[in-house]
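All remarks here apply to the structure that follows.
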Protein chains: 2
Amino acid sequence: MKRNSRLSSTLHILVHMTETQEHALTSEQLATFIHTNPVVVRRTIAGLRDAGIVTSSRGHGGGWQLGRAPEKISLAEISAALGETLLPFSTEPESPGCLVEQAVMAALDDFRVEAERLLAEKLSRITLADLAADFRRRYELIGVTSHAV
Amino acid sequence: MKRNSRLSSTLHILVHMTETQEHALTSEQLATFIHTNPVVVRRTIAGLRDAGIVTSSRGHGGGWQLGRAPEKISLAEISAALGETLLPFSTEPESPGCLVEQAVMAALDDFRVEAERLLAEKLSRITLADLAADFRRRYELIGVTSHAV
DNA sequence: GTTTCATGTAACTTAGTTAGTTACGAGTCT
DNA sequence: AGACTCGTAACTAACTAAGTTACATGAAAC
């Protein structure tokens with residue numbers, strides 16, 4: 001797993017889980033999908049479990065499954081559950097009391113709040129079911145999944 | 001200068017330059033505003049010079065000045081000149097050939113492109129003059145700039 | 001022309017973040 | 001009881017970005 005690809009890696013995992021809803025997938029299996037380590041998977045999607053997006057079970061036959069129908073899981077929820085920030089810049093003051101900084105931060109903060117609302121709204125319109133449907137469309141066209149690499 | 005605060009730090013600097021348009025400010029002076037090193041300042045705003053947002057001159061009385069009127073400098077330009085990415089996530093493939101990944105990346109990329117367009121549009125409506133005006137408003141209310149800390 | 005001041009930039013150091021790994025405890029099914 | 005799997009702490013490695021040092025280049029003052 002490369003840097004800054006937690007969202008895409010997680011979506012990758014979740015689409016696989018959508019395609020395999022009849023049984024659980026282990027961290028080990030999920031890890032191979034995104035070429036990483038089982039522990040990294042568990043750590044990464046722990047937040048999704050807390051958000052009810054996935055469930056995990058221990059022991060024989062255990063593993064991970066979707067917590068609810070993929071139509072009811074939006075990318076906005078997933079991103080939030082991962083603790084990802086939609087915007088990269090900070091608005092924490094470094095010179096409290098400096099009026100220049102206050103003016104800058106006020107403008108930036110206004111922008112950030114509105115931008116985040118906007119992005120979240122956009123992401124909330126895309127569901128896991130949409131991604132899975134697109135995958136199936138591609139699959140029917142080409143006919144191979146190829147996790148060979 | 002803290003991490004991930006390049007945009008806010010640069011804006012801080014630029015507002016100071018807006019308020020001091022009659023003469024140039026040295027990297028040394030700019031560095032004290034954002035509590036950092038002159039070299040870091042030069043490195044950070046080098047891109048702004050290439051974009052014509054600021055000009056620099058060497059030697060006695062040299063330093064940095066705005067390249068054009070603050071009304072004509074938008075935050076979108078500044079952000080772009082800094083080389084900042086508006087969105088933090090990557091859409092580079094890790095398993096080329098995997099159809100699941102292709103579906104995920106396609107959705108994410110669509111979102112990213114539209115989101116970036118949207119954010120840039122928003123940022124292009126805020127100019128340096130707006131920030132400077134807000135600073136002056138705050139200054140008239142309180143009466144101190146305070147770079148003491 | 002020499003001195004002084006300032007940028008431009010390369011090279012190195014330091015600090016912080018995150019993925020990756022190892023290890024082991026705690027449930028759960030057969 | 002034994003096999004299996006998650007949960008999590010602790011550590012290591014890799015990467016990124018800020019900070020620093022050093023010095024060359026250019027411009028103004030004298």
Side-chain angles (χ1 to χ4, degrees), chain A residues 1-10 12-13 17 20 23-67 81-85 88-90 92 94-95, chain B residues 1-10 12-13 17 20 23-67 81-85 88-90 92 94-95:
Chain A
M1 180 153 63
K2 277 206 304 263
R3 277 194 136 222
N4 252 22
S5 58
R6 281 174 61 203
L7 181 57
S8 55
S9 294
T10 301
H12 190 151
I13 281 175
M17 284 168 60
T20 325
H23 61 88
L25 291 168
T26 67
S27 312
E28 186 86 39
Q29 293 173 303
L30 296 176
T32 65
F33 292 146
I34 57 173
H35 306 118
T36 187
N37 190 292
V39 177
V40 174
V41 169
R42 292 201 281 264
R43 199 158 55 195
T44 303
I45 63 178
L48 303 194
R49 181 186 51 229
D50 301 339
I53 295 169
V54 297
T55 61
S56 65
S57 55
R58 298 180 172 190
H60 219 115
W64 301 82
Q65 276 178 295
L66 291 186
L82 286 173
E84 297 280 83
T85 51
F89 53 79
S90 83
E92 283 163 39
E94 300 183 2
S95 315
Chain B
M1 181 153 63
K2 277 203 305 261
R3 275 192 141 225
N4 252 21
S5 59
R6 281 173 62 203
L7 180 57
S8 55
S9 294
T10 301
H12 190 151
I13 281 175
M17 284 168 60
T20 325
H23 61 86
L25 292 168
T26 67
S27 312
E28 187 87 39
Q29 293 173 304
L30 297 176
T32 65
F33 292 145
I34 58 172
H35 306 119
T36 186
N37 189 293
V39 177
V40 174
V41 169
R42 292 202 279 266
R43 200 159 51 195
T44 303
I45 64 178
L48 304 194
R49 182 186 51 229
D50 302 339
I53 295 169
V54 298
T55 61
S56 65
S57 54
R58 299 179 171 191
H60 219 113
W64 301 81
Q65 277 178 296
L66 291 187
L82 286 172
E84 298 280 80
T85 51
F89 51 79
S90 83
E92 283 164 40
E94 300 184 2
S95 315

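In the text below, chain A, chain B and the rest are named by the order of the sequence lines, each starting its count at 1.
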**Asked** Do the side-chain N or O atoms of A/Thr36 get closer than 4.0 angstrom to the phosphate oxygens (OP1, OP2) of C/dG20?
**Response** yes
**Request:** Nearest whole angstrom, please: distance from the P of C/dT21 to the NE2 of A/His35.
**Result:** 13 Å
Kindly give the atom pairs (protein nitrogen or oxygen, nucleotide nitrogen or oxygen) under 3.5 Å for nucleotides 9-13 of chain C.
unit_1	atom_1	unit_2	atom_2	d
C/dA11	N6	B/Arg43	NH1	3.2

**Request:** State, yes or no, whether a side-chain contact exists between A/Leu30 and A/Ile45 at a heavy-atom distance under 4.5 Å.
**Result:** yes
**Request:** Working to the nearest 0.5 Å, report the span between OG of B/Ser57 and CD of B/Gln65.
**Result:** 6.5 Å
**Message:** Without decimals, in angstroms, what is the distance between A/Leu30 CG and D/dC6 P?
**Reply:** 8 Å
**Asked** Quick one: A/Leu82 CG to C/dT18 P, roughly how many Å, whole number?
**Response** 13 Å
**Message:** Could you work out, with salt bridge (Lys or Arg N to Asp or Glu O under 4.0 Å) as the rule, every residue matching B/Glu84, not counting sequence neighbours?
**Reply:** B/Arg6
**Item:** Rounded distance (nearest 0.5 Å) linking atom CG of A/Leu82 with atom OG1 of A/Thr10
**Value:** 4.0 Å
**Asked** Roughly, in whole Å, what's the span from CD1 in A/Ile13 to P in D/dC6?
**Response** 12 Å
**Request:** Report the distance from atom CZ of B/Arg6 to atom C1' of D/dG19, rounded to the nearest whole Å.
**Result:** 14 Å
**Prompt:** A/Ile45 CD1 to D/dC6 P: how many Å, rounded?
**Reply:** 9 Å
**Prompt:** Taking side chain as C-beta onward, heavy atoms only, is A/Pro38 less than 4.5 Å from A/Arg42?
**Reply:** yes
**Message:** Check the phosphate of C/dA6 against B/Ser27, side-chain N and O only, distance under 4.0 Å to OP1 or OP2. Yes or no?
**Reply:** no
**Spacing of A/Asn37 atom CG relative to C/dA23 atom C1', expressed in whole Å** = 12 Å
**Prompt:** When you measure from every atom of DNA chain C, which of residues 57-67 of chain B have a heavy atom less than 4.0 Å away?
**Reply:** B/Ser57, B/Arg58, B/Gly59, B/His60, B/Gly62, B/Gly63, B/Trp64
**Message:** Once rounded to the nearest 0.5 Å, what's the spacing between atom CE of B/Met17 and atom CH2 of B/Trp64?
**Reply:** 8.0 Å
**Request:** Please examine the side chains of A/Leu25 and A/Ile13, heavy atoms only from C-beta on, and report whether any two atoms are closer than 4.5 Å.
**Result:** no
**Distance (rounded to the nearest 0.5 Å) between B/Ser27 OG and B/Arg43 CZ** = 12.0 Å
**Request:** Could you tell me the separation between the NE2 atom of A/His23 and the P atom of D/dT5, rounded to a whole number of Å?
**Result:** 13 Å
**Item:** N/O (side chain, A/Thr26) to phosphate O (OP1/OP2, D/dC4) under 4.0 Å
**Value:** no
**Prompt:** Between B/Thr26 (side chain) and B/Gln29 (backbone), is there a donor-acceptor pair under 3.5 Å?
**Reply:** yes
